[in-house]
Amino acid sequence: MKCPYCNFEDTRVIDSREINEGRTIRRRRECPTCKARFSTYEQVEILNLLVTKKNGSKEEYKKEKLEEAIRIATNKRMSEEDITQLVTDIEAEIHARGKCAISSRYIGDIALKRIKSKDEVSYLRFASVFKSFGSGKRFVKELNRLEKE
């Protein structure tokens, strides 16, 4: 791993620990040249996962799209750490299925469930886009359903 400060080619690991329930490894590193310390994070990357869209088309899974959708729905109601944790949890659930293709609906349902447990307002914002509320009546219906639970 290159040093981000002096670009020396070989840094050494001085500490490693698991975070996010063992889904991520945080490594503390030190550069032997400039003595700078920095952290790196290692986690599973979901590769070669195809997402089947509503219209039947398929595209490669992109973590950034999920993060951005959650970030927009939460609109500063959650910290970046909470958003990162949400995405990590969603990806772990997707990965646990062990399939190479998954529907966007399934991903959205997982995201809805996870967001709902964190923040109801963010849940409603995400649901309004994901479920394509075409009218205020559908939004109110979802709000009433949420209140009953």
* Asked: Is there a side-chain contact between Leu146 and Tyr123 (heavy atoms, below 4.5 Å)?
  -> yes

* side-chain contact (heavy atoms from CB on, under 4.5 Å) between Val121 and Arg77: does it pass, once the steps are laid out? -> CA-CA 9 Å; Val121 173; Arg77 296 182 60 87; 3.6 Å; yes

* To do: Quick one: closest heavy-atom pair of Leu86 and Lys118, and the distance?
  => CD2-CG, 4.2 Å

* Contacts of Arg37 that satisfy salt bridge (charged side-chain N to carboxylate O under 4.0 Å, His left out) - sequence neighbours left out -> Glu30

* More than 12 non-hydrogen atoms from neighbouring residues, nucleotides or ligands closer than 6.0 Å to NZ on Lys99, yes or no? -> no

* Asked: Between OG of Ser79 and CD of Gln85, what distance do you get to the nearest 0.5 Å?
  -> 10.0 Å

* To do: Looking only at non-hydrogen atoms, find the nearest pair between Ile83 and Glu67 and report the distance.
  => CG2-O, 4.3 Å

* Pairwise distance OG1(Thr88) to CD(Glu81) - rounded to 0.5 angstrom -> 11.5 Å

* Asked: Is there a side-chain contact between Arg28 and Val13 (heavy atoms, below 4.5 Å)?
  -> no

* To do: Taking the side chain as every heavy atom from C-beta outward, state whether Ile25 and Tyr41 have any pair of such atoms under 4.5 Å apart.
  => no

* Structure fact -> Those residues at least two apart in sequence (or on a different chain) that pass salt bridge (charged side-chain N to carboxylate O under 4.0 Å, His left out) with Glu147 are none

* **Pair Glu120 + Arg125, salt bridge at N-O below 4.0 Å** => no

* Asked: Cluster partners of Val140, using ILVMFWY side-chain heavy atoms under 4.5 angstrom, listed by chain and number?
  -> none

* Asked: Is there side-chain contact between Phe8 and Asp10, with at least one heavy-atom pair below 4.5 Å?
  -> yes

* Asked: Within a radius of less than 6.0 Å around NZ of Lys131, do more than 12 heavy atoms belonging to other residues, nucleotides or ligands occur?
  -> yes

* Glu91 vs Lys63 side-chain heavy atoms within contact, under 4.5 Å -> yes

* Structure fact -> CD1 of Ile115 to CG of Leu124, rounded to nearest 0.5 Å, is 11.0 Å

* Structure fact -> Distance col, row Arg138:CZ vs Ser128:OG, nearest 0.5 angstrom, shows 10.5 Å

Contacts table for residues 103-113: side-chain donor-acceptor under 3.5 angstrom, sequence neighbours left out:
{"from": "Ser103", "atom 1": "OG", "to": "Tyr106", "atom 2": "N", "distance (Å)": "3.0"}
{"from": "Ser104", "atom 1": "OG", "to": "Thr52", "atom 2": "O", "distance (Å)": "3.4"}
{"from": "Lys113", "atom 1": "NZ", "to": "Glu93", "atom 2": "OE2", "distance (Å)": "3.2"}

* To do: Could you walk me through whether Ile102 and Arg97 pass side-chain contact (heavy atoms from CB on, under 4.5 Å), step by step?
  => CA-CA 9 Å; Ile102 194 162; Arg97 270 192 89 181; 3.8 Å; yes

* Asked: In the single-linkage hydrophobic clustering (I, L, V, M, F, W, Y; side-chain heavy atoms under 4.5 Å), do Ile72 and Phe133 co-cluster?
  -> no

* Do the side chains of Thr11 and Lys2 get nearer than 4.5 Å, heavy atoms only? -> no

* Residue pair Met78 / Asp119, side-chain heavy-atom distance below 4.5 Å -> yes

* Can you check whether Asn20 reaches Asp89 side chain to side chain, under 4.5 Å on heavy atoms? -> no

* Asked: Which residues satisfy the salt bridge (charged side-chain N to carboxylate O under 4.0 Å, His left out) test with Arg26, sequence neighbours excluded?
  -> none

* To do: Rounded to the nearest 0.5 Å, what's the gap from CD1 on Ile14 to CZ on Arg12? Could you check?
  => 6.5 Å

* Does the salt bridge (Lys or Arg N to Asp or Glu O under 4.0 Å) test come out yes or no for Arg71 and Glu68, once each step is laid out? -> CA-CA 5 Å; Arg71 193 171 286 112; Glu68 187 60 22; 3.3 Å; yes

* Begin from the C-alpha positions of Tyr61 and Leu66 and carry the test side-chain contact (heavy atoms from CB on, under 4.5 Å) through to its verdict. => CA-CA 9 Å; Tyr61 170 79; Leu66 179 60; 3.7 Å; yes

* **Distance, nearest 0.5 Å, that separates CZ of Arg17 from OG of Ser39** => 9.5 Å

* Asked: If you count the non-hydrogen atoms of other residues, nucleotides and ligands that lie under 6.0 Å from CZ in Arg145, is the total more than 12?
  -> yes

* Output the rest of the hydrophobic cluster of Tyr5: all Ile, Leu, Val, Met, Phe, Trp and Tyr residues reachable through side-chain heavy-atom contacts under 4.5 Å, sorted by chain and number. => Met1, Phe38

* When you check the side-chain N and O atoms of Arg27 and Ser16, is any donor under 3.5 Å from an acceptor? -> yes

